[in-house]
Amino acid sequence: SISVCESATIGDAMLTGACANGIWLGRKKYSLLQHDPNFTGKEHELYTCVLAMSGKEGVHMVMLPEAADGSRQVVIGKWSSALGQQSNLCKMAVLDFAEYL
């Protein structure tokens, strides 16, 4: 058993594109598959996007641009092919919400 800080694994994935022990969410380990630090949204704003998988389910994470106070927000959406959900639709929903914020 290892001790992990879930928020630290998310931060590592978003900021560096690497996470030695995987990304942990809800006590579940996900493997980082894609990291795009320069994804251009519909409004031409740059986001950092990550795709991580664990078996037949995964998460899409989008980090918003840095706020004036230096803080960052991350929007996370989870999908499962076992439940008939699709990765691409999850990514679109997460990006739409990120752009709304």
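- What you find for Cys19 and Thr9 is that their closest heavy atoms are CB-O, 4.3 Å.
- In this structure, Leu46 shares a hydrophobic cluster with no other residue, the cluster being traced through Ile, Leu, Val, Met, Phe, Trp and Tyr side chains under 4.5 angstrom apart.
- Distance check: Cys5 SG to Asn21 CG gives 12.5 Å after rounding to the nearest 0.5 Å.
- You'll find the side chain of Glu99 stays beyond 4.5 Å of the side chain of Glu45, heavy atoms only.
- Without hydrogens or angle criteria, Ser80 side chain to Glu57 main chain gives no donor-acceptor distance under 3.5 Å.
- Put simply, Leu95 and Met92 are part of two different groups of oily side chains (I, L, V, M, F, W, Y) that touch within less than 4.5 Å, one to the next.
- The shortest side-chain heavy-atom distance between Trp79 and His60 falls under the 4.5 Å cut-off.
- Side chain of His35 to main chain of Ala18: no donor-acceptor pair is present (N/O by atom type, distance under 3.5 Å, no hydrogens or angles).
- Looking at every heavy atom in both residues, Val62 comes nearest to Cys49 through CG2-SG, 3.9 Å.
- Cluster annotation: Tyr100 is connected to Phe39 through the hydrophobic network of ILVMFWY side chains, with a link wherever side-chain heavy atoms come within less than 4.5 Å.
- Here Leu64 contributes atom CG and Gln73 contributes atom CD; the two are 5.5 Å apart, rounded to the nearest 0.5 Å.
- For residues 2-14, no pair satisfies salt bridge (Lys or Arg N to Asp or Glu O under 4.0 Å), with sequence neighbours left out.
- For the atom pair Lys56 NZ and Leu83 CG, the distance stands at 11.5 Å (nearest 0.5 Å).
- Residue Ile76 shares its hydrophobic cluster (ILVMFWY side chains chained together at separations under 4.5 Å) with Ile10, Met14, Leu15, Ile23, Leu25, Tyr30, Leu32, Val50, Val59, Met61, Met63, Val74.
- Between the CD atom of Gln85 and the SG atom of Cys90 there is a distance of 8.0 Å, given to the nearest 0.5 Å.
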